[in-house]
Amino acid sequence: MAATQSVVDSILSTTDDSKFKTIQVDSAELIELDEGNLLAVNENKVDTKEFRKRTEEILLSSTRDATQCLFNSLWQLPVEQVEGAYVVKLPEPKTWLPREKPVPKKKPLTKWQEYAKSKGILNKKKSRMVWDELSQEYKPRWGYKRANDDTQEWAIEVPDNADPMEDQFAKRKNAKKERVAKNELQRLRNIARSQKSKVPGVGLTPTEKPSKDQLSKALAVAHKSTASIGKFTDRLPKEKPSRFTGKKRKFEPSIGNLKSEKEKQLNLIETNAKKLPKIDMAKATNRALRQEEQTASREKQSRKTPKKAKGKKALGLGKKASGGRTGGGNKKTRGKRKR
Amino acid sequence: MQRIVKPKTQRGRRALERKEPKIFENSKSTLFFKGGNTSQTVTQVLKEMHTLKKPHATMFGKKNATRPFEDQSTVEFFTSKSDSSLFMYGCHSKKRPNNLVIGRLYDSQVLDMAEFGIDKFVSMKDVEGQKASMGIKPCLVFSGDLFEENDDNRRVKNLLLDFFRGPTVDNVSLSGLEHVMSIHGANGKVYIRNFRVLMKKSGSKTPRVELQSMGPSLDLSLRRTRLASDDLFKRALKKPATAKPKKKKNVSHDDLGNKLGRIHMNTQDFAKLQARKLKGLKRKGPVANGTDAGDESKKQKVDET
């Protein structure tokens, strides 16, 4: 095959020799091409002595051959005409080159996004422009020159049960500031959470109606927010110890009551020697009681079923069908234990 | 990595976004900078290499007393500033005269570096004739047995390919192929030659290629190398799953280059088939008698089938 090809080539070249030089390359098999990178690798061996003598000539001729080979294969690719120029679509590069930067990781979900995902809450698409009643035209929902901008009002009505001397403008401004601060805090907490570092504890985020729990937490934080970490803070009268301050570990004194220590050690040895299983009495009784109840209910059911529902059981679907939902009742009572 | 401090302006935000890792990466850009002492040759080499790589290159004009092989932190800092992942550094000392360091970075850390000594340099200016136009993607020709000697040299070849290959493109204009860079490795030396392509008539569609020396020409001798571990290199080669094109279903091409599509359809309901329109088969209009209307429609259905 190759022989016939070469014969054809030689005939073609001899016929064309008078006019043009050939585009055929000798030893083209040894030139590896990677069109995707516009790369040709010439694996022809060069004699060292010869190379030292005629460096430039050899470099020029070998490069020309490789380039000719590359061009021959590039001109075989499908051509498109784009704005008067002939453009070739390059194939995928064969030589792999390292990336500049690692493959981007997925952005970690925020706490809200995680929650929304678990609940199946989807974002509602809101239009960018909204109708502004005052100016009677469409304006952006947020940002510069937004619709229904409440910062531009020149008068604010004092609410019925508000302090008449309170500055409503300042109040609004303050509320906005707090919302921004809260948002920033949540952002930082999300970052800390995603990096698995310790999420900084927060005393109390601004809330409309703080619960008793939140208030006592705030109190505990306020107590400790002094230079001496609350060592000299006065207690309120009748104040209970806070539930939000951690417990301190207590250790037995290393020197002291020998008798109690001896007793403890002996107790330990005794239990180990007997290999008695540890029993949590409360747990054990609970379990026993529940088992009793279950057996009782099962007996109750088995007494009922033979008369009522036999069709499905008899057909062999029994276990699945009866296991699906037992007991009647409405949504609220379903799943609760029957007495 | 998430930033704790938010950018203050939109412009700053966009600039940071441009530097972030992407699935489809932009062309690698190159940083050229000089060491504390440079010779005329080294400076000229840096300048001319900069012109060859220009739209995707940055040149630092001032001296920077740093040694990439001793301490990589400066290189990493400079390249992060100009968001480039390739660099060329030149310096000159008694111990290493006319020194040239070519390197690349991955994840803003030095991956591979190779040090060369410039033995011979012919400037672009010293070669007469027209030059290839600026900013085009060069064709690369590698030859010589140096690059196949061992794994390290193979990596150096990969580094040189990465360094000189120019912008990543999908399409290339055939008339725009006018620059060929030849890199020949033999006897521990690397010969870099630049040629301009002259396309001559050949009697067929494919042109006959003639080359004309354009400069710069460099004879380099390989000195030190600092190559990444195979493990790290493998990690740098990783391609994202999303970058692979999705397989297109039901579309095929025949030998003539025609695009064929396979369509899946529901079974046809012949009862609703619109055959030739005949007056006798036409539906009658609504009948005036309200009581008979139901019967009429039923009869018509029977007729149709």
Side-chain angles (χ1 to χ4, degrees), chain A residues 12 16 19-23 31 37-46 48 51-52 55-56 58-60 62-68 70-72 74-76 78-80 82 85-90 93 95-105 107-108 184 187-188 190-191 194-195, chain B residues 2 4 20-23 25-26 28 85 104-108 111 137-145 148 158 161-162 165 169-177 180 182 184 186-187 191 193 195 197 199-211 213 233 235-240 257:
Chain A
L12 278 175
D16 283 356
K19 260 184 169 178
F20 308 115
K21 280 184 183 171
T22 176
I23 57 165
I31 297 170
N37 280 325
L38 293 182
L39 168 72
V41 179
N42 196 343
E43 283 169 4
N44 285 312
K45 287 269 179 296
V46 182
T48 318
F51 182 73
R52 220 168 265 161
T55 314
E56 298 304 316
I58 288 173
L59 282 180
L60 180 68
S62 79
T63 309
R64 198 215 75 83
D65 285 356
T67 315
Q68 181 73 66
L70 181 67
F71 276 34
N72 287 354
L74 281 176
W75 254 259
Q76 299 304 315
V79 185
E80 262 180 89
V82 180
Y86 290 102
V87 169
V88 160
K89 195 175 187 316
L90 295 175
T95 321
W96 282 29
L97 294 168
R99 282 176 68 86
E100 182 178 21
K101 277 157 199 164
V103 178
K105 280 180 195 140
K107 238 184 185 180
E184 178 66 10
R187 188 180 72 86
L188 293 176
N190 273 324
I191 290 171
S194 70
Q195 286 170 354
Chain B
Q2 282 173 301
I4 288 168
E20 270 173 11
K22 299 174 196 92
I23 290 177
E25 294 197 302
N26 39 358
K28 291 184 180 184
S85 57
R104 63 177 159 195
L105 291 95
Y106 167 69
D107 196 8
S108 63
L111 190 72
K137 191 178 165 77
C139 300
L140 289 173
V141 174
F142 278 86
S143 54
D145 42 11
E148 303 303 323
N158 191 292
L161 167 64
D162 202 1
R165 73 171 172 148
V169 290
D170 296 331
N171 301 312
V172 76
S173 166
L174 289 177
S175 57
L177 297 167
V180 177
S182 158
H184 182 91
N187 314 324
Y191 301 83
R193 298 285 178 273
F195 299 105
V197 176
M199 293 186 204
K200 302 278 190 224
K201 275 180 189 169
S202 71
S204 69
K205 223 168 67 179
T206 316
R208 156 91 187 175
V209 174
E210 292 295 340
L211 297 178
S213 188
F233 190 72
R235 225 181 311 146
L237 283 178
K238 196 181 173 189
K239 283 185 181 170

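Note that the structure is predicted; figures quoted are calculated from it, not measured.
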Might you confirm whether atom CD of A:Glu184 has over 12 heavy atoms from other residues, nucleotides or ligands at distances under 6.0 Å? yes
Neighbour count >12 (heavy atoms, 6.0 Å) for atom CZ, A:Arg187: yes
[X], part contacting chain B, at a heavy-atom distance under 4.5 Å:
| X | result |
| --- | --- |
| A:Glu56 | side chain |
| A:Leu90 | both |
| A:Val41 | both |
| A:Glu43 | neither |

Between [options], which residue shows the highest count of heavy-atom pairs closer than 4.5 Å to chain A?
| options | value |
| --- | --- |
| B:Lys200, B:Lys205, B:Lys137 | B:Lys137 |
| B:Leu161, B:Asp145, B:Asn26, B:Leu105 | B:Leu161 |
| B:Ser108, B:Gly257, B:Ser143 | B:Ser143 |
| B:Arg165, B:Lys28, B:Lys238 | B:Lys28 |
| B:Ser175, B:Ser173, B:Gly176, B:Pro207 | B:Pro207 |
| B:Val141, B:Asp107, B:Leu174, B:Leu211 | B:Leu174 |

Which heavy atom in [X] sits nearest to a heavy atom in [Y], and how many Å separate them?
| X | Y | result |
| --- | --- | --- |
| B:Arg235 | B:Tyr106 | O-OH, 3.8 Å |
| A:Gln68 | B:Val209 | OE1-N, 2.8 Å |
| A:Phe20 | B:Gly203 | CD1-N, 3.4 Å |

Engaged part of [X] at the chain A interface, taking heavy atoms whose separation is under 4.5 Å:
| X | result |
| --- | --- |
| B:Val197 | side chain |
| B:Lys22 | backbone |
| B:Ser204 | side chain |
| B:Asn158 | both |
| B:Arg208 | both |
| B:Val180 | side chain |

Under the 3.5 angstrom rule, does the side chain of A:Arg64 hit a backbone N or O of B:Glu210 as a donor-acceptor pair? no
Using only atom types and a distance under 3.5 Å, with no angle test, would you say the side chain of A:Glu80 pairs donor to acceptor with the backbone of A:Val87? no
Spacing of CD1 belonging to A:Ile23 relative to OG belonging to B:Ser202, to within rounding of 0.5 Å: 4.5 Å
Checking side-chain polar atoms at under 3.5 Å, does A:Asn72 have a donor or acceptor matched by the opposite partner on A:Gln76? no
Mind checking whether B:His184 and A:Phe51 have parallel, tilted or perpendicular rings, split at 30° and 60°? parallel
Using a strict cut-off of less than 4.0 Å between a Lys/Arg side-chain nitrogen and an Asp/Glu carboxylate oxygen, indicate whether B:Glu25 and A:Arg99 qualify as a salt bridge. yes
Determine the option with the most heavy-atom pairs under 4.5 angstrom with chain B, choosing from [options].
| options | value |
| --- | --- |
| A:Ala66, A:Pro102, A:Ala85 | A:Pro102 |
| A:Val103, A:Thr48, A:Thr63 | A:Thr63 |
| A:Val79, A:Leu60, A:Val46 | A:Leu60 |
| A:Ile31, A:Asn190, A:Asn42 | A:Asn42 |

Indicate yes or no: at least one non-hydrogen side-chain atom of A:Leu38 is less than 4.5 angstrom from one of B:Val169. no
